[in-house]
Amino acid sequence: MKIPRLGVRARVLAVALVPSVAVLLVGSGTVASLVSEADFAAEWATQMQQTLPQTVQVIGAIQGERLVTMAHLAGDRAATARLASARAAMDTAIRKAFEVQAAIDTIDRDATMQNDAFDQLTEVLVTVRAGADAGALPLEDAYRFYNGILDSILDGTANARNATPDAEVAVQIADGIRLLQAAESMSRGNALGYALDTAATATTANAAELTRQAGYYRTELAAFTRDIDERDRSRTAELMATPAWQMLEATERAVLTRAALRATEAGGVPVLPVTPQEWQVAAADVSERILNLWVEQSHDTQALATENADATERNSQLAAAAMLTVSLLALGVSLLLANRILRRLRRLRAETLELADHRLPEVMQQLGADRTVDPATVAPRLDFGTDEIGQVASAFERAAASAMRAAVAERRTREGVRTVFLHMARRSQVVVHRQLELLDDAERTQEDPELLGTLFKLDHLATRERRNAENLIVLGGGQVGRRWRHAVALIDLVRSAVGETLDYSRVRVARLPELHIIGGAVADLVHLLAELADNAVTFSPPQSRVEISGTADSRGVLLVIEDQGTGMMPADIVRVNATLADPPDFGTAGDSRLGLFVVARLAARHDIEIELGESVYGGIRATVLIPARLAVSEPVPMRG
């Protein structure tokens, strides 16, 4: 469907109204987007508030099974007795972990669920537990397995940070993630240290991992204390001042010392400063306090998110009301100003349309009919005063007058040039025809082979000169003088075209369909194929051949002229194909290649399709599609 063009009134109103409407639409869209973001932020805060207890439960359950499993693998029989309860809690945690992750993904509108590794780890949980029960699971593998599950939980929390629409809230979440990572690092170090001390054996790698985890959570908490506000700083300071923290720190140093002595078999391993039970009670207390810090910090973050969402929605509604008021005022002023100039514009439109629809077409028709036109008498008159509208009318008047004068002058010039062009071409054609007749007479009477060969060469050159003259006639809009009344075999037509090329001995004609071309198209088609073949020979190496082949189908006859020349740039091929498909006026085309325009004119005359492309030999491949209406199976003479 075509969209109806707007009238002058609608266009003037559009100029006045579009900015106002655009401001209103853009403002409405911006406000709607802000309100949507505010709603999303509120939804995010609510969802995170609901998932917080489940997250704490999941982390605690997984950390608990990791501790019990590693202690069991280290030989702690008491830990073996606690495996069943720890695994039951773990199973419940796994289900809740999926729920937590799914809830987090529902508020992350840009990211997909990133817990593929978590899914893979849970699938092998049964195998891991069986290996632990059989004592075949290495301590390090158990450590890495449970760490992987908890890493997936931490990644899900990081996704929540990426989903938050508020930068300030994102910073608070990043601080919370630091607390969560510190709690997990403490738990890892505790599980690894308890297992190593229970097993009474230690490796350098395990001792280094224990050192790294213990150092990480203490360093991270110290750095966290420096980066947060006073209230959170006091909470962290209270944690680091508890007896459990001091006991855990002393125990970790002792475990590292004992592990180092055992690894070197130095003997004299010191005893722990506390019993294993006291150690684990202190570790559980510290872990709980760190997680509580994270929970409290998360509550503060969610409260901030809710507060910011409410403020954004409130400010968006105020902005919407202000923008609506301004847009309505601008709309009213625009309508008032537009109506003042519409009356004069309607008159200008009417007179301009009269000029464009009637007066100018009448002048062009007179020029097309070779009538005499005086630009001074047909120049338009548009009087609309001296203001901007009057200046526009004056510009229309001057442009129309200039166009009329230019059209008259251009028409006269083109007619003169065309007449001279055709006259010179016709005179050259007459001379060439007479030359060919004399050469034919000389060839029939000459018996000397050497002289006869020279006459044949002269005949060939004269034939090419005749084609050059016909080129000028075609470009001048005339008809080639040669005519055929009967249909001509395609093979004879192609051979005739080859005979007019510069170096016809290099052109090889392959098998062609046994068809005939109607007489009215023979001369133009011979000329067209001769130009293409001559061009292929000219731009090919002297030792190479040019091949012409053809096939027939329901569309007509397809001839292919393929050379082994230097080829053309892709941009040039595109430009030439455009010229062949829609030949421009030769005088304005800006291209000096005469044959290209001749071929395009002849092809357009008979609806012949020509397209150039790259040849498999590196040169150019020209395809010529002759319509089926020009081809017949038998030579039928023309009527008339």
Exercise. So do S633 and H516 actually touch side chain to side chain, heavy atoms under 4.5 Å?
Worked result: no

Exercise. Side chain to side chain contact (heavy atoms under 4.5 Å, CB included) between I608 and L602: does it pass, once the steps are laid out?
Worked result: CA-CA 8 Å; I608 297 173; L602 294 175; over 6 Å; no

Exercise. Taking atom CD1 of I626 and atom CG of L490, what is their separation to the nearest 0.5 Å?
Worked result: 6.0 Å

Problem set entry | Minimum heavy-atom distance between I561 and A536, given as atom pair plus value | CG2-CB, 4.2 Å

Exercise. With no hydrogens and no angle check, is any side-chain donor or acceptor of D492 less than 3.5 Å from a backbone partner on V488?
Worked result: no

Problem set entry | Test item: I573 and P570 side chains (from C-beta on) under 4.5 Å apart, heavy atoms | no

Seminar exercise, completed: Between I517 and V522 the two heavy atoms that sit nearest each other are O-CG2, 3.6 Å

Exercise. Rounded to the nearest 0.5 Å, how far apart are CZ of R605 and CG of L528?
Worked result: 10.5 Å

Problem set entry | Minimum heavy-atom distance between P541 and G565, given as atom pair plus value | CD-CA, 3.9 Å

Seminar exercise, completed: T501 and A533 have their tightest heavy-atom pair at CG2-CB, 3.6 Å

Output side-chain donor-acceptor pairs under 3.5 Å for residues 610-623, partner residues at least two apart or in another chain, one line each.
residue	atom	partner	partner atom	Å
S615	OG	E562	OE2	2.7
S615	OG	Y617	N	3.1
T623	OG1	E611	O	3.2

Problem set entry | Verdict with supporting geometry, L558 and V624, side chain to side chain contact (heavy atoms under 4.5 Å, CB included) | CA-CA 6 Å; L558 182 67; V624 181; over 6 Å; no

Seminar exercise, completed: OG of S496 to CD1 of I491, rounded to nearest 0.5 Å, is 11.5 Å

Exercise. A510 and S549: which non-hydrogen atoms are nearest, and at how many Å?
Worked result: CB-CB, 3.9 Å

Problem set entry | Student check: side-chain heavy atoms of V576 and M568 closer than 4.5 Å | yes

Problem set entry | Counterpart residues, side chain to side chain donor-acceptor pair (under 3.5 Å), relative to R629 (two or more places apart) | D607

Problem set entry | Sequence-distant partners of R495, salt bridge (Lys or Arg N to Asp or Glu O under 4.0 Å), two or more places apart | none

Problem set entry | Atom pair CG/CZ of L580 and R575 - distance to nearest 0.5 Å | 10.5 Å

Exercise. Are V632 and L515 side-chain neighbours, meaning at least one heavy-atom pair lies under 4.5 Å?
Worked result: no

Exercise. Any side-chain heavy atom of R508 sitting closer than 4.5 Å to one from V546?
Worked result: no

Problem set entry | Verdict with reasoning, L559 to L529, per side chain to side chain contact (heavy atoms under 4.5 Å, CB included) | CA-CA 9 Å; L559 298 179; L529 294 176; 3.8 Å; yes

Exercise. Sequence neighbours excluded, which residues qualify as salt bridge (Lys or Arg N to Asp or Glu O under 4.0 Å) partners of D553?
Worked result: R555

Problem set entry | E514 atom CD: more than 12 heavy-atom contacts under 6.0 Å | no

Problem set entry | Residue list, side chain to side chain donor-acceptor pair (under 3.5 Å) with S554, at least two apart or on another chain | none

Exercise. So, do D563 and V537 sit near enough that their side-chain heavy atoms are less than 4.5 Å apart?
Worked result: no

For this session: State the CZ-NE2 distance between R601 and H527, to the nearest 0.5 angstrom.
Result: 12.5 Å

Seminar exercise, completed: V574 meets the side chain to side chain contact (heavy atoms under 4.5 Å, CB included) criterion, sequence neighbours left out, with none

For this session: Show the numbers, then the answer: is there a side chain to side chain contact (heavy atoms under 4.5 Å, CB included) between L625 and V557?
Result: CA-CA 6 Å; L625 179 61; V557 182; over 6 Å; no

For this session: Check whether any side-chain heavy atom of H606 lies under 4.5 Å from a side-chain heavy atom of L525, and answer yes or no.
Result: no

